[in-house]
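Just so you know, these numbers use all the heavy atoms, side chains as well, and skip hydrogens, waters and symmetry mates.
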Amino acid sequence: MNSSSFVPLTVQLHTVSRSDRWQVYQRLQSLDIPCFCSTAGWVEVEVHTPVVVAQLRSVVQQMTASRLELIDWLERCLQTPI
């Protein structure tokens, strides 16, 4: 799928805790991903390309996964042939 055929959408992140949402917002901003941090407890993100989907998943995973899950994910990445 090329980026010109990707249908843009807006995603509301409810899985990120209120204490972590500012960090998620800041990281998405640093990646130049359009987003909004709501006082209601969620982060709204504009997704325009598959790359943004991957970046968003990575940022959320870093904030919501346990240390053990992140270690397991890193070990699988290191074992994947290039």
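- Summarising the geometry, atom CD belonging to Q12 is positioned 10.0 Å from atom CZ belonging to F36; distances are rounded to the nearest 0.5 Å.
- Between the CH2 atom of W42 and the OH atom of Y25 there is a distance of 12.5 Å, given to the nearest 0.5 Å.
- Between Q61 and L70 the shortest side-chain heavy-atom distance falls below 4.5 Å.
- Proximity of Q55 to V52: side-chain heavy atoms (C-beta onward) are separated by under 4.5 Å at one or more points.
- Residues R21 and C37 are in side-chain contact: their nearest non-hydrogen atoms beyond the backbone lie under 4.5 Å apart.
- Inter-residue side-chain proximity for V45 and T10 is flagged as unmet; no heavy-atom pair is nearer than 4.5 Å.
- In this structure, the side chain of T64 engages the main chain of V60 through a donor-acceptor pair within 3.5 Å.
- Between V59 and L31 the shortest side-chain heavy-atom distance falls below 4.5 Å.
- Rounded to the nearest 0.5 angstrom, E44 CD and H14 NE2 are separated by 9.0 Å.
- Residues L28 and L56 form a side-chain contact, since some pair of their non-hydrogen atoms from C-beta on lies under 4.5 Å apart.
- Dense packing is recorded around CZ of R76, with more than 12 heavy atoms of other residues, nucleotides or ligands lying under 6.0 Å away.
- The two residues E46 and I33 come nearest to each other via the heavy atoms O-CG2, 3.9 Å.
- With a 4.5 Å cut-off on side-chain heavy atoms, W22 and Q26 count as touching.
- Residues V51 and L9 do not share a hydrophobic cluster, defined by chaining ILVMFWY side chains whose heavy atoms lie under 4.5 Å apart.
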